[in-house]
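Before I ask anything, here is the structure I am working with.
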Amino acid sequence: KFMPGSKVTRAQFALMLSRAFNAVSEEPYVNESESTYTDLGNYNEETKYAIQMLNELEIAQGENGKFMPLNYASRAHASKMISNFLSYME
């Protein structure tokens, strides 16, 4: 369901950035290791991959071993992630 006015979680935002990265990259990013975040629970492999990729590329970080995937991405967090993403892509 398309809901452009809805809030976006950190997990959803990670997926968007990961998909954008892989869409413009010549080769998909390969994570160096498994995620150490303790709060990814039942997320699917694509989401876990996206979160770990952003962590490894220093585009987005968690805190105290948690990514907080269900938290909404604030404007500040989203702006910082986009800025880090664009810097990495240069």
Once you measure the plane-to-plane angle for Tyr29 and Phe21, does it fall in the parallel (<30°), tilted (30-60°) or perpendicular (>60°) bin? perpendicular
Rounded distance (nearest 0.5 Å) linking atom CE of Met89 with atom CD1 of Ile59: 8.0 Å
For Met81 and Ala60, which heavy atoms make the closest approach, and how far apart are they? SD-CB, 3.6 Å
Can you find a pair of side-chain heavy atoms, one from Pro4 and one from Phe2, that are under 4.5 Å apart? yes
Working to the nearest 0.5 Å, report the span between CG of Leu17 and CG of Leu57. 10.5 Å
Measure across Asp39 and Pro69 and return the closest heavy-atom pair with its distance rounded to 0.1 Å. OD2-CD, 3.1 Å
Side-chain (Ser83) to main-chain (Ser79) donor-acceptor, under 3.5 angstrom: no
Any donor-acceptor pair under 3.5 Å linking the side chain of Thr47 with the backbone of Tyr43? no
For Ala14 and Ala50, which heavy atoms make the closest approach, and how far apart are they? O-CB, 3.6 Å
For residues Met53 and Met16: do they belong to one hydrophobic cluster (side chain heavy atoms under 4.5 Å, members Ile, Leu, Val, Met, Phe, Trp, Tyr)? yes
Backbone of Tyr72 reached by a side-chain donor or acceptor of Thr9 within 3.5 Å: no
Here the pair of heavy atoms bringing Val30 nearest to Glu56 is O-OE1, 4.4 Å
To the closest 0.5 Å, what do you measure between CG (Asn55) and CD (Glu32)? 10.5 Å
Got a salt bridge between Glu46 and Arg19, using NZ or NE/NH1/NH2 to carboxylate O under 4.0 Å? yes
Drop me the distance from Lys66's NZ to Asn71's CG, to the nearest 0.5 angstrom. 11.0 Å
Looking only at heavy atoms, what is the nearest atom pair of Thr36 and Gln52, with distance? N-OE1, 4.3 Å
Heavy atoms, side chains only, cut-off 4.5 Å: are Ile51 and Phe13 in contact? no
Could you check whether any side-chain N or O of Arg10 sits under 3.5 Å from a backbone N or O of Phe67, counting only pairs where one atom can act as donor and the other as acceptor? yes
Is there a path from Leu40 to Tyr49 through hydrophobic residues (I, L, V, M, F, W, Y) whose side chains come within less than 4.5 Å of each other? no
Search all heavy atoms of Gly62 against all heavy atoms of Tyr37 and return the closest pair with its distance. N-OH, 2.9 Å
If you round to the nearest 0.5 Å, how far is NZ of Lys48 from OG of Ser35? 8.5 Å
Decide whether Val8 and Met3 are clustered together by the hydrophobic rule: side chain heavy atoms of Ile, Leu, Val, Met, Phe, Trp, Tyr closer than 4.5 Å, transitively. no
